Protein chains: 2
Amino acid sequence: MKKTTIYDVAEEAEVSLATVSRVINNSNVVKKETRERVLAAIARLDFKPNQVARGLATSKSTTIAVIFPQSIFARVKDMISGIGDTGRTLDYNLMMYTTDELGDEDPVDDVIERVVKARADGVILFNNDKIIQELELMKKYNMPTAVIGYKASDEHLCSVFVDAHNIGYTLTKNYLDKGIDDIVFLKPRQNLLSLDDAISGIKDAFKDAGKKFDDKKVLSVSTHFSQNYPFFMDYLKENKPRVVIAGYDKEAVSMMYAAQDSHLSVPDDIEIIGMVDTTYAKMARPSLTSVYLPVYDMGAIAVRLITKMLNGEGIDNREVNMQYSINIRNTTKLL
Amino acid sequence: MKKTTIYDVAEEAEVSLATVSRVINNSNVVKKETRERVLAAIARLDFKPNQVARGLATSKSTTIAVIFPQSIFARVKDMISGIGDTGRTLDYNLMMYTTDELGDEDPVDDVIERVVKARADGVILFNNDKIIQELELMKKYNMPTAVIGYKASDEHLCSVFVDAHNIGYTLTKNYLDKGIDDIVFLKPRQNLLSLDDAISGIKDAFKDAGKKFDDKKVLSVSTHFSQNYPFFMDYLKENKPRVVIAGYDKEAVSMMYAAQDSHLSVPDDIEIIGMVDTTYAKMARPSLTSVYLPVYDMGAIAVRLITKMLNGEGIDNREVNMQYSINIRNTTKLL
DNA sequence: ATGAAAGCGCTAACAG
DNA sequence: CTGTTAGCGCTTTCAT
């Protein structure tokens with residue numbers, strides 16, 4: 001029950017294997033009649049060219065490795081769609097590697113070793129707390145790389161991201177202009193945007209207003225609802241921030257429920273803003289104001305950038321800054 | 001800047017390439033001293049065996065293809081973790097293929113063609129409305145397959161699923177026993193369990209109680225909150241079901257909000273039960289009673305099943321029935 | 001215990 | 001326009 005090979009097709013079509021190869025690679029030097037004979041043979045034998053062999057011969061695997069922290073995964077559904085659709089369109093295979101919460105050996109080194117062995121043509125990485133280390137490794141193996149959510153570039157590196165500094169600055173300035181400076185930031189561990197940039201944006205807004213943003217107003221939080229809710233309940237006993245900006249919708253919603261259960265009115269006593277604009281934001285009650293990120297497009301563009309690097313196409317912009325927007329719903333009133 | 005190959009290592013270690021091959025494949029015939037010399041050379045040259053070449057030589061790609069409908073994706077975060085972790089542990093690469101919402105040619109044929117060309121050793125499929133067709137194709141190419149969420153098996157096919165009939169039956173009987181028979185079922189298009197089985201379970205419970213479950217009580221629904229909510233608001237104008245069982249948490253939550261906004265008390269006027277037990281269930285207010293599925297384990301087991309088939313290991317159970325449980329929260333009171 | 005050599009299925013010069 | 005031939009990097013007999 002052997003797979004049919006290019007030789008079988010050659011024999012069946014009474015041509016040499018080189019001709020079959022030309023046909024399946026759409027070479028335009030093959031005589032129409034010959035091509036048709038070959039095509040017929042291919043159909044008859046249900047021949048599927050072996051990509052592994054092709055990969056060996058061409059030193060290309062037409063494969064892109066996508067490496068993501070599992071914790072980031074839930075929020076990137078649409079991004080995976082963007083990556084998947086674009087990969088399919090451009091005829092690339094996608095290998096999937098998850099990192100996070102492993103425990104054993106160093107996941108990053110281990111995963112990248114696998115990627116190198118698999119001879120992926122390129123790799124897509126997501127912003128995470130080890131991104132710098134990861135980028136260095138990719139550089140060492142000079143593997144064409146696209147990062148999502150972290151601004152960086154060099155000869156083999158492109159990125160697609162959203163200007164988190166600008167988000168932080170804009171939101172903060174809005175409230176400062178209205179005389180509100182009691183702002184708290186919730187910082188989950190991983191995200192699709194650089195939360196440190198968002199924080200520096202907040203700080204800069206304060207600075208421009210002649211004030212100072214206290215680092216204590218940055219709360220590092222888990223992404224587990226069951227852990228956050230009690231933590232926030234506790235927090236709200238001592239603190240009554242007027243505005244909460246969360247790095248991710250889920251924490252925003254937890255905070256909102258905690259606020260309500262602490263007899264704070266949303267948005268009258270406390271305004272809450274999430275980020276990424278997932279279904280959590282839409283389904284919350286009241287619905288959550290959130291910063292929308294074009295995740296599908298970010299995924300699609302990441303793939304496109306990789307393939308451009310692989311094909312040696314010119315890339316005018318190696319650091320693609322995507323537009324975000326703010327979807328105002330019912331947890332804010334002064335935005 | 002060529003990648004170092006097995007030849008380079010052989011030269012560096014002053015042995016033949018066959019010996020190097022033996023070392024990297026842990027053959028135990030190599031003399032200890034030689035092995036060490038080779039290992040040193042490998043380290044010195046930072047040699048990473050080319051899996052593509054190895055794949056050609058062995059006719060194995062050590063790759064498993066995972067094919068999922070994008071719409072199912074959001075709810076399987078933990079399942080992907082299970083698949084990813086287990087794949088890594090067993091040293092398999094995972095290729096990712098998304099289907100759904102494409103529009104162009106037939107996605108299933110197209111994707112499976114890619115999988116065959118990529119010479120994946122096996123494939124993981126998810127229950128979806130084209131699963132039968134997909135399984136037939138995999139069988140045609142006699143590609144070892146594991147399905148998640150759909151019960152089936154044959155020589156090259158294993159499955160891991162949850163007994164949806166039992167879920168439907170159990171939930172329904174509970175209410176019928178308490179004299180409640182005004183039950184509605186919300187049926188989203190795709191799911192990790194066979195919703196038709198769940199429905200037949202409901203019907204059987206009615207039958208056993210000497211009653212009949214009206215097909216009109218099955219509502220086919222979208223998974224988009226923005227579409228469901230108004231639909232449910234409308235529905236509740238004419239209908240006041242006492243119990244709503246939803247095939248997925250998101251729709252359950254939509255229905256719950258619609259009920260509240262229709263001045264129905266949850267759970268006093270209407271009880272609502274979701275399935276899969278995602279974060280949506282935990283974050284809803286009131287929190288949603290939901291049927292928990294062991295998704296991480298289902299993913300892990302699917303990978304394990306595939307590798308067992310690939311290694312010719314005996315498989316005692318080719319249709320793995322996973323335990324579900326019902327997490328009772330605040331949208332039910334008679335459960 | 002190690003080496004030589006054939007072959008996995010395909011691509012890519014090079015001839016003709 | 002088509003065929004011949006030499007690899008791609010590795011595994012795997014078969015000798016030694």
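Chain identifiers are assigned alphabetically (A, B, ...) following the order of the sequence lines, protein sequences preceding nucleic acid strands; residue numbering begins at 1 within each chain. These numbers were taken from a predicted model, which means no experiment stands behind them.
- Note: NZ (B/Lys31) to C1' (C/dG3) measures 14 Å, nearest angstrom.
- Rounded to 10 degrees, the angle separating the terminal axes of the helix from C/dA1-D/dT16 to C/dG16-D/dC1 is 40°, with each axis obtained from five end pairs.
- A/Arg114 and B/Asp91 are joined by a salt bridge, as a carboxylate oxygen and a charged side-chain nitrogen come within less than 4.0 angstrom of each other.
- Remark: B/Thr5 is not in phosphate contact with D/dG9, judged by side-chain N or O atoms under 4.0 Å from OP1 or OP2.
- Side-chain contact, B/Arg54 with B/Thr62: no donor N or O sits under 3.5 Å from an acceptor N or O.
- For the 3.5 Å distance criterion, the side chains of A/Tyr92 and A/Asp121 fail to qualify, holding no donor opposite an acceptor.
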Discussion item. Base contacts versus sugar-phosphate-only contacts with protein, heavy atoms under 4.0 Å: please encode nucleotides 11-16 of chain D as B, S and - from 5' to 3'.
Written reply: BBB---
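- Sequence order on DNA chain C of the closest nucleotides to B/Arg35 and A/Phe47 puts B/Arg35 first from the 5' end.
- What separates CG of A/Leu56 from C1' of D/dC8 is a distance of 5 Å, to the nearest Å.
- Rounding to whole angstrom units, CZ of residue A/Arg119 and C1' of D/dC10 are separated by 11 Å.
- Salt-bridge annotation for A/Arg304 and A/Glu313: present, with a side-chain N of the basic residue lying under 4.0 Å from a carboxylate O of the acidic one.
- Using a cut-off of 4.0 Å between Lys/Arg side-chain N and Asp/Glu carboxylate O, B/Lys117 and B/Glu113 are scored as salt-bridged.
- Note on B/Val29: a base of the nucleic acid sits closer than 4.0 angstrom, heavy atoms only.
- At a threshold of 4.0 angstrom between heavy atoms, the contacts of B/Val15 are confined to the sugar-phosphate backbone, with no base atom among them.
- Under the side chain to side chain donor-acceptor pair (under 3.5 Å) test applied with A/Asn128, the options A/Arg189, A/Gln133, A/Glu134 reduce to a single match, A/Glu134.
- To the nearest angstrom, P of D/dG7 lies 18 Å from CG of B/Asn50.
- The nearest whole Å value for the distance from the CD atom in B/Glu36 to the P atom in C/dT2 is 12 Å.
- Between the CZ atom of B/Arg37 and the C1' atom of C/dT2 there is a distance of 11 Å, rounded to whole Å.
- Here side-chain hydrogen bond (donor to acceptor under 3.5 Å, both in side chains) pairs that include residues 31-44 of chain A, with residues two or more places apart or in two chains, are A/Glu12-A/Arg44.
- Between A/Thr19 and D/dG3 there is a side-chain N or O to OP1 or OP2 distance below 4.0 Å.
- Judged by distance alone, the side chains of B/Glu319 and B/Ser159 never bring a donor and an acceptor atom under 3.5 Å apart.
- Looking only at distances, no side-chain donor or acceptor of B/Ser27 sits under 3.5 Å from a matching main-chain atom of B/Val23.
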